There are 2 protein chains.
Amino acid sequence: MNLAKMQAVMSRRFDGLSVHGIGFTDFAILYLIHQAPGGRLRRTDLAEKAGLTASGITRMLLPMEKTGLVAREASERDARVSYAVLTPAGRRIFEEAKETANAIAKEILPADITRNQSLTELFKLLGTTI
Amino acid sequence: MNLAKMQAVMSRRFDGLSVHGIGFTDFAILYLIHQAPGGRLRRTDLAEKAGLTASGITRMLLPMEKTGLVAREASERDARVSYAVLTPAGRRIFEEAKETANAIAKEILPADITRNQSLTELFKLLGTTI
DNA sequence: TTGAAGTACTTGACTACTCAAGTATATGGC
DNA sequence: GCCATATACTTGAGTAGTCAAGTACTTCAA
């Protein structure tokens, strides 16, 4: 229950990203592509990292391709895979949204560093147990 | 990102509840009604506790009313509110599903108590900061 | 070198929500 | 007593996913 509520509160808070015309998941996707080696990610890997299914990624990326935030790039080695890359517009929106996201994160997390630390520690913990 | 993934993994794990014919949110709803004082909850309060909107509750409860897990109870004082209560069938299913949920939770959480403790502590922490 | 099994992705049909607007009732100040 | 404002809930339309099935390609072993 706490988890569901927490999740609900989190994504509600990050609604501030909508000023950039993107949602929380879109931001996550831009982030993941941005920091991937070579600035590109196979859709399958993107799905795994974002905690979605492959079909979820197809559907999320469709409007993002239409509005020109991300683009497809074929693989030279494997005709099945297509990479997701950021367009210049996508990079720009991501940088802007990152500022907003950071501001929101700072607002949510207390200034108190010890708390912040236990938070990251907690996430680490959850990462290992799941 | 971690949060989204964690949430995804969690609800995937709790798919085991489907043997009882209910999902994770349904279980949460049964739980919340069950442990409410008087065994009943205003739909609004249920929404707040479950981290949903009022309309989300309306839609979740609709099939649960049809299959006879929960029922409506009018308020004597306020004609606007209707309480959600468990039917005998709902109570039975809840008790059965609780066993399953506990088993899943034990499987997910490590036997190590210190970890478990920091987990609950973390949740407490998040409760205060959000 | 071919065919069986596996992987990457898309699509159709569905679920579980959300928000905005609407209905019904309650409350508090005048 | 009556109106403005607020609260509880429902409903229509839309979004963000899921799963199962299908297509296209790859790999590997006989």
Side-chain angles (χ1 to χ4, degrees), chain A residues 1 3-18 21-30 40-67 70-85, chain B residues 1 3-15 17-18 21-29 40-67 70-85:
Chain A
M1 318 330 123
L3 193 65
K5 206 165 156 184
M6 183 174 119
Q7 162 83 353
V9 172
M10 287 295 271
S11 55
R12 212 160 292 152
R13 291 267 179 147
F14 279 94
D15 273 3
L17 289 170
S18 67
I22 62 175
F24 186 64
T25 304
D26 304 82
F27 178 70
I29 286 171
L30 293 180
R40 63 185 205 168
L41 217 45
R42 301 187 327 152
R43 296 163 93 86
T44 288
D45 297 339
L46 185 51
E48 200 275 331
K49 282 176 195 287
L52 299 181
T53 61
S55 95
I57 285 295
T58 295
R59 302 206 200 272
M60 286 305 296
L61 253 40
L62 211 77
M64 297 177 80
E65 283 163 2
K66 273 193 183 144
T67 58
V70 302
R72 278 156 187 279
E73 210 177 271
S75 164
E76 321 74 41
R77 316 208 154 181
D78 191 332
R80 289 170 306 177
V81 344
S82 78
Y83 291 93
V85 299
Chain B
M1 313 336 119
L3 193 66
K5 207 165 156 185
M6 181 174 120
Q7 162 82 354
V9 172
M10 286 294 272
S11 55
R12 213 160 292 152
R13 293 266 178 148
F14 279 94
D15 273 3
L17 288 170
S18 66
I22 62 175
F24 186 63
T25 304
D26 304 81
F27 178 70
I29 286 171
R40 62 184 206 171
L41 260 185
R42 302 188 325 153
R43 295 163 94 85
T44 288
D45 297 339
L46 185 52
E48 200 276 331
K49 282 176 197 286
L52 300 181
T53 60
S55 96
I57 286 295
T58 296
R59 301 202 202 274
M60 286 304 296
L61 253 41
L62 210 77
M64 298 178 80
E65 284 164 1
K66 271 192 186 146
T67 57
V70 302
R72 279 156 186 278
E73 209 177 272
S75 164
E76 322 75 42
R77 315 209 155 179
D78 192 332
R80 290 170 306 177
V81 342
S82 77
Y83 291 93
V85 298

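All chains are named by letter (A, B, ...) in the order of the sequence lines, taking the proteins before the strands, and each is independently numbered beginning at 1. Keep in mind that this is a model prediction, so the values were computed, not measured.
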Do any N or O atoms of the protein come closer than 3.5 Å to N or O atoms of nucleotides 20-25 of chain D, and which pairs are they?
none

Indicate yes or no: at least one non-hydrogen side-chain atom of B/Met64 is less than 4.5 angstrom from one of B/Ile22. no
Do any side-chain nitrogens or oxygens of A/Arg43 fall under 4.0 Å of OP1 or OP2 in C/dT10? yes
Does A/Thr53 place a side-chain N or O at less than 4.0 Å from the phosphate oxygens OP1/OP2 of D/dG17? no
Taking the nucleotide of DNA chain C with the nearest heavy atom to each, does B/Arg77 or B/Met60 sit closer to the 5' end? B/Met60
In whole angstroms, the gap separating P of D/dA8 from CD of B/Glu48 amounts to 12 Å
If you look at every heavy atom in B/Arg43 and B/Thr58, which pair is closest and at what distance? NH2-CA, 4.1 Å
Atom-to-atom span, CG of B/Asp45 to C1' of D/dA8 - whole angstrom: 10 Å
For D/dA8, does OP1 or OP2 lie under 4.0 Å from any side-chain N or O of B/Arg72? no
Using the test salt bridge (Lys or Arg N to Asp or Glu O under 4.0 Å), find all partners of A/Arg40 that sit at least two apart in sequence or belong to another chain. A/Glu73, A/Glu76
Is there a side-chain contact between B/Ile29 and B/Leu61 in this structure, where contact means two heavy atoms from C-beta onward sitting under 4.5 Å apart? yes
Length of the line joining B/Asp26:CG and C/dC17:C1', which is rounded to integer Å: 13 Å
May I have the distance from B/Leu46 (atom CG) to D/dA8 (atom C1'), rounded to whole angstrom? 13 Å
In whole angstrom, what separates B/Met64's CE from C/dC17's P? 11 Å
To the nearest Å, give me how far apart CG (B/Leu61) and P (D/dA8) are. 16 Å
Per atom distances to the A/Ser82 side chain, the nearest of D/dC9, D/dT18, C/dC9 is C/dC9
First of B/Glu65 and A/Pro63 reached from the 5' end of DNA chain D, by closest nucleotide: B/Glu65
B/Arg42: which residues meet the salt bridge (Lys or Arg N to Asp or Glu O under 4.0 Å) condition with it, sequence neighbours left out? B/Asp45
For residues B/Ser75 and B/Tyr83, report the shortest heavy-atom separation together with the two atoms involved. CB-CE1, 3.6 Å
Within this structure, what is the CG-to-P distance between A/Leu62 and C/dT10, rounded to whole angstrom? 9 Å
Can you find a heavy atom in the side chain of A/Leu17 that is under 4.5 Å from one in the side chain of A/Asp26? no
Of B/Gly56 and A/Arg42, the one whose closest DNA chain C nucleotide lies more 5': A/Arg42
What is the distance from CG of B/Leu52 to P of C/dT15, rounded to the nearest Å? 17 Å
